[in-house]
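Below is one structure, written out as structure tokens, with a few remarks after it.
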Amino acid sequence: MNRLQTIDVALDEMLVNLAAIVLRLSKPDVTRTPEARRALAQSVHQYAVCAKRSRDPRVHDLKSQLEETLKPSLRIVVRNGEKVS
């Protein structure tokens with residue numbers, strides 16, 4: 001393996017580890033405040049920028065998972081027997 005491949009593999013491993021940390025921080029009980037949500041969005045955005053050039057499928061899968069954490073959760077409310085979203 002040449003030096004560039006070694007560096008590339010090391011960067012992919014770092015991205016996988018970073019994504020695991022950001023996923024833990026994306027839990028609703030951690031990101032309660034608007035400031036925490038903004039920080040999470042910034043972290044996800046920066047991760048996506050770094051992941052863009054990776055060829056590791058794990059990195060792209062984690063990028064998708066992180067982006068999902070930014071989507072608002074939908075809930076169904078029932079009022080008088082009718083579903084209201």
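Keep in mind the model is a prediction, meaning the values are calculated, not measured.
Listed for the Gln5 side chain is a donor-acceptor partner under 3.5 Å among the backbone atoms of Asn2.
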- Please assess Leu4 against Asp8 for the test side chain to side chain contact (heavy atoms under 4.5 Å, CB included), listing each intermediate value before the final yes or no. CA-CA 6 Å; Leu4 289 178; Asp8 195 41; over 6 Å; no

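Atom OG of Ser26 is separated from atom CZ of Arg24 by 10.5 Å, given to the nearest 0.5 angstrom. Separation of atoms OG (Ser43) and CZ (Arg38) is listed at 13.0 Å; rounding is to 0.5 Å. Atoms OG1 and CZ, from Thr6 and Arg3 in turn, are 8.5 Å apart once rounded to the nearest 0.5 Å.
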Donor-acceptor contacts, no H, no angles, side chain residues 27-35, under 3.5 Å, sequence neighbours left out:
{"residue": "Thr31", "atom": "OG1", "partner": "Lys27", "partner atom": "O", "Å": "3.2"}
{"residue": "Arg32", "atom": "NE", "partner": "Asp29", "partner atom": "O", "Å": "2.8"}
{"residue": "Arg32", "atom": "NH2", "partner": "Asp29", "partner atom": "O", "Å": "3.0"}
{"residue": "Thr33", "atom": "OG1", "partner": "Ala36", "partner atom": "N", "Å": "3.1"}

Name the atoms and distances for all side-chain donor-acceptor pairs under 3.5 Å in residues 61-72, with sequence neighbours left out.
{"residue": "Asp61", "atom": "OD2", "partner": "Gln65", "partner atom": "NE2", "Å": "3.0"}
{"residue": "Lys63", "atom": "NZ", "partner": "Glu67", "partner atom": "OE2", "Å": "3.3"}
{"residue": "Ser64", "atom": "OG", "partner": "His60", "partner atom": "O", "Å": "3.3"}
{"residue": "Glu68", "atom": "OE2", "partner": "Lys71", "partner atom": "NZ", "Å": "2.9"}
{"residue": "Thr69", "atom": "OG1", "partner": "Leu66", "partner atom": "O", "Å": "2.5"}

Output a table of donor-acceptor pairs, distance under 3.5 Å, between side-chain atoms of residues 13-21 and any protein atom two or more places apart or on a different chain; print 'none' if there are none.
{"residue": "Glu13", "atom": "OE2", "partner": "Arg58", "partner atom": "NH1", "Å": "3.4"}
{"residue": "Glu13", "atom": "OE2", "partner": "Arg58", "partner atom": "NH2", "Å": "2.6"}
{"residue": "Asn17", "atom": "ND2", "partner": "Glu13", "partner atom": "O", "Å": "3.2"}

